[in-house]
Amino acid sequence: MHGITAKHILSSSGGMNIYRGCTHGCIYCDARSECYGMDHEFEDIAVKTNAVELLESELKRKRKKCMIGTGAMSDPYLHIERSLETTRKTLELARRYGFGMTVQTKSDLVLRDLDLIKEINAQTKFVVQMTLTTADDTLCKILEPNVCPTSRRVEVLEILRDNCIPTVVWLCPILPYINDTQENVSQILDYCARAMVYGMINFGMGLTLRSGNREYFYKKLDEHFPGLKQKYITAYGNSYEIASPNNSALMRLYHSTCESYGIVHSNDKVFAYLHEFEQKPKYEQLRLF
């Protein structure tokens with residue numbers, strides 16, 4: 001871990017990243033790609049030491065309330081968040097200044113902040129986005145070794161459901177010849193239905209590979225799935241988009257099952273929902289307490 005001083009924290013669309021790098025160890029992580037220009041080891045987390053001060057300053061200057069989002073490039077609930085509590089401090093600011101918020105994570109540490117999440121959601125809207133890739137916890141510990149397994153993430157989704165917190169699930173990546181099965185996708189969809197998620201995001205059954213993350217992914221294939229790297233090279237070469245051979249069938253299953261469960265499955269509609277700021281009437285807020 002090392003500290004850096006940032007010049008600003010919020011993008012024009014309300015996105016922010018408090019940390020750079022990750023310790024979850026996911027074998028497929030696109031954030032390892034060289035195109036992002038990271039100048040330090042991926043596991044050596046860069047902490048924006050002035051993130052909280054910057055965020056407060058920028059929220060004070062905003063003329064209109066909006067949704068603040070974090071987690072697109074680096075999970076806001078990394079292991080160091082347990083002690084630093086930087087993400088929690090940003091939630092406190094969102095609550096204080098009346099902004100909505102959404103976080104994207106794979107960690108059950110998000111439940112530590114359930115008190116703030118509920119308070120923000122009572123004022124406006126708080127959406128927790130959770131990534132699920134495999135229904136098999138044993139496989140999950142290979143694909144995403146340093147973060148809580150799928151079964152625990154499903155428990156998190158159910159706890160959020162019971163506290164009336166809206167959730168969105170990212171069903172990606174689905175890795176060819178590893179987790180691209182009807183059984184896996186069906187089980188994850190069943191989990192999402194049980195947790196009553198608002199919506200799901202999926203860009204196709206497959207993954208993306210480019211310089212930086214491709215080499216790391218292939219290294220892990222050699223460690224855990226001997227011979228599979230050559231199968232990828234033969235089938236895909238240096239392609240960026242790596243589509244599962246089962247893509248068409250799995251996408252039909254995905255859309256039809258989401259439709260039957262009443263889960264929003266249009267990426268555009270889900271992203272619109274994540275960006276839509278909602279101001280709840282004060283009488284409704286009071287009734288919740």
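What's counted below: heavy atoms across the whole structure, side chains too, no hydrogens, waters or symmetry copies.
None of R88, E92, K89, E85 except one satisfies the side-chain contact (heavy atoms from CB on, under 4.5 Å) rule with V52; the exception is K89. Between E119 and the choices R95, K280, R96, the salt bridge (Lys or Arg N to Asp or Glu O under 4.0 Å) rule is met once, by R95.
Considering every non-hydrogen atom in both I45 and G21, the closest pair reads CD1-C, 3.4 Å. Residues G71 and P76 come closest through the heavy atom pair CA-CD, 3.6 Å. Nearest heavy atoms, L132 versus C192: CD1-SG, 4.2 Å. In terms of heavy atoms, Y28 sits closest to L143 at CE2-O, 4.0 Å. Of all heavy-atom pairs spanning K106 and C26, the tightest one is NZ-SG, 3.6 Å. Taking each heavy atom of C140 and P149 in turn, the nearest pair found is SG-CA, 3.8 Å.
Of the N and O atoms on the side chains of E158 and Y191, not one donor lies less than 3.5 Å from an acceptor on the other residue. No side-chain donor-acceptor contact under 3.5 Å links S107 and T105. Counted by atom type alone, N184 and T181 present zero donor-acceptor pairs between their side chains at under 3.5 Å. Under the 3.5 Å distance criterion, with hydrogens and angles disregarded, no donor-acceptor pair is assigned to the side chains of T134 and N179.
Around CD of E223, the count of heavy atoms belonging to other residues, nucleotides or ligands within 6.0 Å exceeds 12. The 12-atom threshold is exceeded at CD of E155, counting heavy atoms of other residues, nucleotides or ligands nearer than 6.0 Å. Within a 6.0 Å sphere centred on CZ of R194, heavy atoms belonging to other residues, nucleotides or ligands number more than 12. Counting heavy atoms of neighbouring residues, nucleotides and ligands inside a 6.0 Å radius, atom CD of E278 exceeds 12 of them.
Under the 30°/60° scheme for interplanar angles, the aromatic rings of Y177 and Y236 are found to be tilted. The aromatic rings of H2 and H40 stand perpendicular to each other, their planes meeting at an angle above 60°, with 30° marking the opposite boundary.
In this structure K48 satisfies the side-chain hydrogen bond (donor to acceptor under 3.5 Å, both in side chains) test with no other residue, sequence neighbours excluded. Not a single ring pair (Phe, Tyr, Trp, His ring centres under 6.0 Å) links H275 to another residue, sequence neighbours left out. With sequence neighbours excluded, no residue forms a ring pair (Phe, Tyr, Trp, His ring centres under 6.0 Å) with H224.
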With side-chain contact (heavy atoms from CB on, under 4.5 Å) as the test, would you mind laying out the steps for I18 and S74 before giving the verdict? CA-CA 8 Å; I18 301 163; S74 186; over 6 Å; no
With side-chain contact (heavy atoms from CB on, under 4.5 Å) as the test, would you mind laying out the steps for I159 and L114 before giving the verdict? CA-CA 10 Å; I159 291 169; L114 186 57; 4.2 Å; yes
Full working for side-chain contact (heavy atoms from CB on, under 4.5 Å) between E53 and S57: CA-CA 6 Å; E53 292 77 11; S57 174; over 6 Å; no
Can you check side-chain contact (heavy atoms from CB on, under 4.5 Å) on F225 and I142, steps first, answer last? CA-CA 10 Å; F225 308 97; I142 294 173; 4.0 Å; yes
What verdict does the side-chain hydrogen bond (donor to acceptor under 3.5 Å, both in side chains) test give for Y19 and D75, after you've listed the backbone C-alpha separation in whole Å, the side-chain angles of each residue and the deciding distance to 0.1 Å? CA-CA 8 Å; Y19 304 118; D75 197 310; over 6 Å; no
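N213 places none of its side-chain heavy atoms less than 4.5 Å from the side chain of C29. Within the 4.5 Å cutoff, the side chain of D136 has no heavy atoms near those of the T150 side chain. Put simply, the side chain of L54 does not reach to within 4.5 Å of the side chain of M16, judged on heavy atoms. No side-chain heavy atom of T234 sits less than 4.5 Å from a side-chain heavy atom of K231. Contact check for K62 versus F99: side-chain heavy atoms found under the 4.5 Å cut-off. Counting only heavy atoms from C-beta outward, the side chains of P245 and D180 approach each other to under 4.5 Å. T23 places none of its side-chain heavy atoms less than 4.5 Å from the side chain of I80. With contacts defined as side-chain heavy-atom distances shorter than 4.5 Å, the pair L175/T133 does not qualify.
Between the side chain of E81 and the main chain of T86, a donor-acceptor pair closer than 3.5 Å is present. Between the side chain of N121 and the main chain of C164, a donor-acceptor pair closer than 3.5 Å is present. Distance alone, capped at 3.5 Å, places no donor-acceptor pair between the K65 side chain and the G98 backbone. Side chain of K125 to backbone of Y273: a donor-acceptor contact under 3.5 angstrom is found. Counting only distance, with no hydrogens or angles, the side chain of S186 and the backbone of E183 share no donor-acceptor pair below 3.5 Å. Between the side chain of R161 and the backbone N or O of T167 there is no donor-acceptor pair closer than 3.5 Å. The closest donor-acceptor contact from the side chain of T102 to the backbone of G69 lies at 3.5 Å or more, if one exists at all. Without hydrogens or angle criteria, D137 side chain to S151 main chain gives a donor-acceptor distance under 3.5 Å. Between the side chain of E144 and the backbone N or O of K141, no donor-acceptor pair lies under 3.5 Å. Checking side-chain atoms of Q187 against main-chain N and O of A135 turns up no donor-acceptor pair under 3.5 Å.
By the rule that hydrophobic residues join a cluster once side-chain heavy atoms approach within less than 4.5 Å of another member, L59 and L116 end up as members of one cluster. Under the 4.5 Å side-chain heavy-atom criterion for ILVMFWY residues, a single connected hydrophobic cluster contains both I117 and L109. In the hydrophobic cluster analysis, where Ile, Leu, Val, Met, Phe, Trp and Tyr join through side-chain heavy atoms closer than 4.5 angstrom, L139 is grouped apart from V154. Linking Ile, Leu, Val, Met, Phe, Trp and Tyr whenever their side-chain heavy atoms come within less than 4.5 Å leaves M130 and W170 in two separate clusters. Both I9 and I120 are part of a single hydrophobic cluster, where members link through side-chain heavy atoms under 4.5 Å apart.
The distance from atom OG of S244 to atom CD1 of I242, rounded to the nearest 0.5 Å, is 11.5 Å. Distance check, rounded to the nearest 0.5 Å: CD1 of I68 to CG of L55 gives 6.5 Å. Rounded to the nearest 0.5 Å, atoms NE2 (H265) and CE (M251) are 10.0 Å apart. A distance of 9.0 Å separates CG in L253 from SG in C258, rounded to the nearest 0.5 Å.
The existence of a salt bridge linking D30 and R210 is confirmed by a sub-4.0 Å separation between a basic side-chain nitrogen and an acidic carboxylate oxygen.
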Would you give me the side-chain donor-acceptor pairs under 3.5 Å for residues 195-209, sequence neighbours excluded?
unit_1 : atom_1 : unit_2 : atom_2 : d
N202   : OD1    : G204   : N      : 2.7
N202   : ND2    : L171   : O      : 2.7

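Applying the under-4.5 Å side-chain rule to Ile, Leu, Val, Met, Phe, Trp and Tyr, the cluster around Y240 consists of that residue alone.
Ring to ring, Y216 and F42 are not that close: their centroids are 6.0 angstrom or more apart.
Sorted by first and then second residue, the ring pair (Phe, Tyr, Trp, His ring centres under 6.0 Å) pairs with a member in residues 53-95 read H24-H79; sequence neighbours excluded.
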